[in-house]
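Everything below concerns the one structure shown next.
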Amino acid sequence: MPLINESYFVGQLNIPDTDQAATLERLNWFIERYEREFLVDVMGYRLYKAFVTGITQSNVDTRWKNLLKGCEFTNRRSLPDFWIGIVPEVDNLLTLKDSDSINAVVGNSGGNVLEAGSRNNTNNTKVSMIAHWVYINWMLDRYSQTTPIGESVPSTINGDVTTPRLKIVEISNQLAEFVCQLNEFLFMNQSVYPEWDTAQYSMSLSRYRKTNSFGI
């Protein structure tokens with residue numbers, strides 16, 4: 001069963017018409033397709049398999065709760081930091097924003113995860129790095145539609161369709177910040193997550209890195 005659903009696609013990740021059966025069915029297909037792909041890619045298959053098994057137990061071990069929901073940890077600079085979680089508690093970001101001690105150091109390991117999350121967390125909006133990846137692929141798919149004569153760009157009667165490139169770049173850069181923080185959290189907790197391969201660190205960071213509209 002997926003970890004996220006249509007309720008994550010609001011605000012900056014808004015997907016219209018999820019109350020319509022056809023749109024919801026399509027979105028659920030994307031979630032099923034891309035959630036597992038993304039988690040295997042950033043965690044490695046061995047950790048992913050252990051994680052999925054762990055969170056489905058009747059008594060979930062603390063290490064899986066922390067990976068899923070987020071927790072404090074000490075980063076490589078020996079500073080207190082916060083891993084936001086793969087699927088954070090709804091109030092994680094609001095709690096962090098109200099905490100001067102945490103807010104002063106969150107993101108010290110690299111990307112500003114608090115900032116990336118808070119841009120999507122107005123009115124207690126749910127946040128998940130999985131939703132970012134699903135949204136990126138949704139946007140790429142919706143912009144180019146398959147027709148009998150090939151790929152075409154959709155038209156609209158309400159105005160011109162613009163390229164989603166800038167929006168995708170912005171969401172991709174936020175995703176890169178989440179992945180950076182995940183790697184830092186796992187790197188500093190290798191004894192807690194022996195299923196994680198350190199080679200995954202450089203691989204995922206190279207795949208999910210900040211870029212611009214020119215792809216550089």
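In what follows, residues are counted from 1 in the order of the sequence shown.
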One should read off an interatomic distance between Thr74 OG1 and Phe185 CZ, to the nearest 0.5 angstrom, of 11.0 Å
Flag the pair Asp81 / Glu72 as yes when at least one side-chain heavy-atom distance between them is below 4.5 Å, and no otherwise.
no
Find out whether Val134 and Phe9 are in side-chain contact, i.e. whether some heavy atom of one side chain is under 4.5 Å from a heavy atom of the other.
yes
Nearest non-hydrogen partners of Lys65 and Val60, listed with the distance:
CE-O, 3.2 Å
Go through the side-chain N and O atoms of Ser204 and Asn183 and say whether any donor and acceptor fall under 3.5 Å apart.
yes
Do the non-hydrogen side-chain atoms of Tyr8 and Ile130 ever get within less than 4.5 Å of each other?
no
If you compare all heavy atoms of Glu35 against all heavy atoms of Pro2, which two are closest, and at what distance to 0.1 Å?
OE2-CA, 3.3 Å
With no hydrogens and no angle check, is any side-chain donor or acceptor of Gln190 less than 3.5 Å from a backbone partner on Phe187?
yes
Here the gap from Ile4 atom CD1 to Leu13 atom CG, rounded to the nearest 0.5 Å, amounts to 9.0 Å
Give the intermediate values and the outcome of side chain to side chain contact (heavy atoms under 4.5 Å, CB included) for residues Tyr48 and Phe38.
CA-CA 10 Å; Tyr48 168 79; Phe38 173 71; over 6 Å; no
Quick one: are Tyr208 and Met203 in side-chain contact, heavy atoms under 4.5 Å?
no
When rounded to the nearest 0.5 angstrom, what distance separates CD in Glu184 from CG in Leu182?
10.5 Å
Closest heavy-atom pair and its distance - Ser7, Val10:
O-CG2, 3.9 Å
Given 3.5 Å as the limit, does a donor-acceptor pair link the side chain of Lys167 with the main chain of Gln12, or not?
yes
CH2 on Trp64 to CG on Asn59, rounded to 0.5 Å:
15.5 Å
Using every non-hydrogen atom in the two residues, find where Ser128 and Pro88 come nearest and quote the distance to one decimal.
CA-CD, 4.4 Å
Measuring from atom CG of Leu68 to atom CG of Leu3, what distance do you get when rounded to the nearest 0.5 angstrom?
6.0 Å
With Glu37, which residues qualify under side-chain hydrogen bond (donor to acceptor under 3.5 Å, both in side chains), at least two apart?
Arg33, Trp133
Partners meeting side chain to side chain contact (heavy atoms under 4.5 Å, CB included) with Gln57 (sequence neighbours left out)
Thr53
Heavy-atom donor-acceptor pair, Gln200 side chain to Asp41 backbone, under 3.5 Å:
yes
Would you say that Asn189 contacts Trp196 through its side chain, given a criterion of any heavy-atom pair below 4.5 Å between the two side chains?
no
Check the pair Trp83, Asn66 against side chain to side chain contact (heavy atoms under 4.5 Å, CB included), reporting the backbone distance first and the verdict last.
CA-CA 8 Å; Trp83 157 237; Asn66 289 344; 5.7 Å; no
Can you tell me how far apart CE (Met43) and CG (Leu186) are? Round to the nearest 0.5 Å.
7.0 Å
Can you list everything that forms a side-chain hydrogen bond (donor to acceptor under 3.5 Å, both in side chains) with Asp61? Sequence neighbours excluded, please.
none
Enumerate, atom names and distances included, each donor-acceptor pair closer than 3.5 Å involving a side-chain atom of residues 14-28, sequence neighbours excluded.
| from | atom 1 | to | atom 2 | distance (Å) |
| --- | --- | --- | --- | --- |
| Thr23 | OG1 | Asp17 | O | 3.3 |
| Arg26 | NH2 | Asp141 | OD2 | 3.2 |
| Asn28 | ND2 | Leu24 | O | 3.3 |

Listing request: all salt bridge (charged side-chain N to carboxylate O under 4.0 Å, His left out) pairs with a residue in residues 186-201, at least two apart in sequence or in separate chains.
Arg63-Glu195
Mind checking ring pair (Phe, Tyr, Trp, His ring centres under 6.0 Å) for Phe30 and listing every partner two or more places apart, or none if nothing turns up?
Tyr34, Trp138
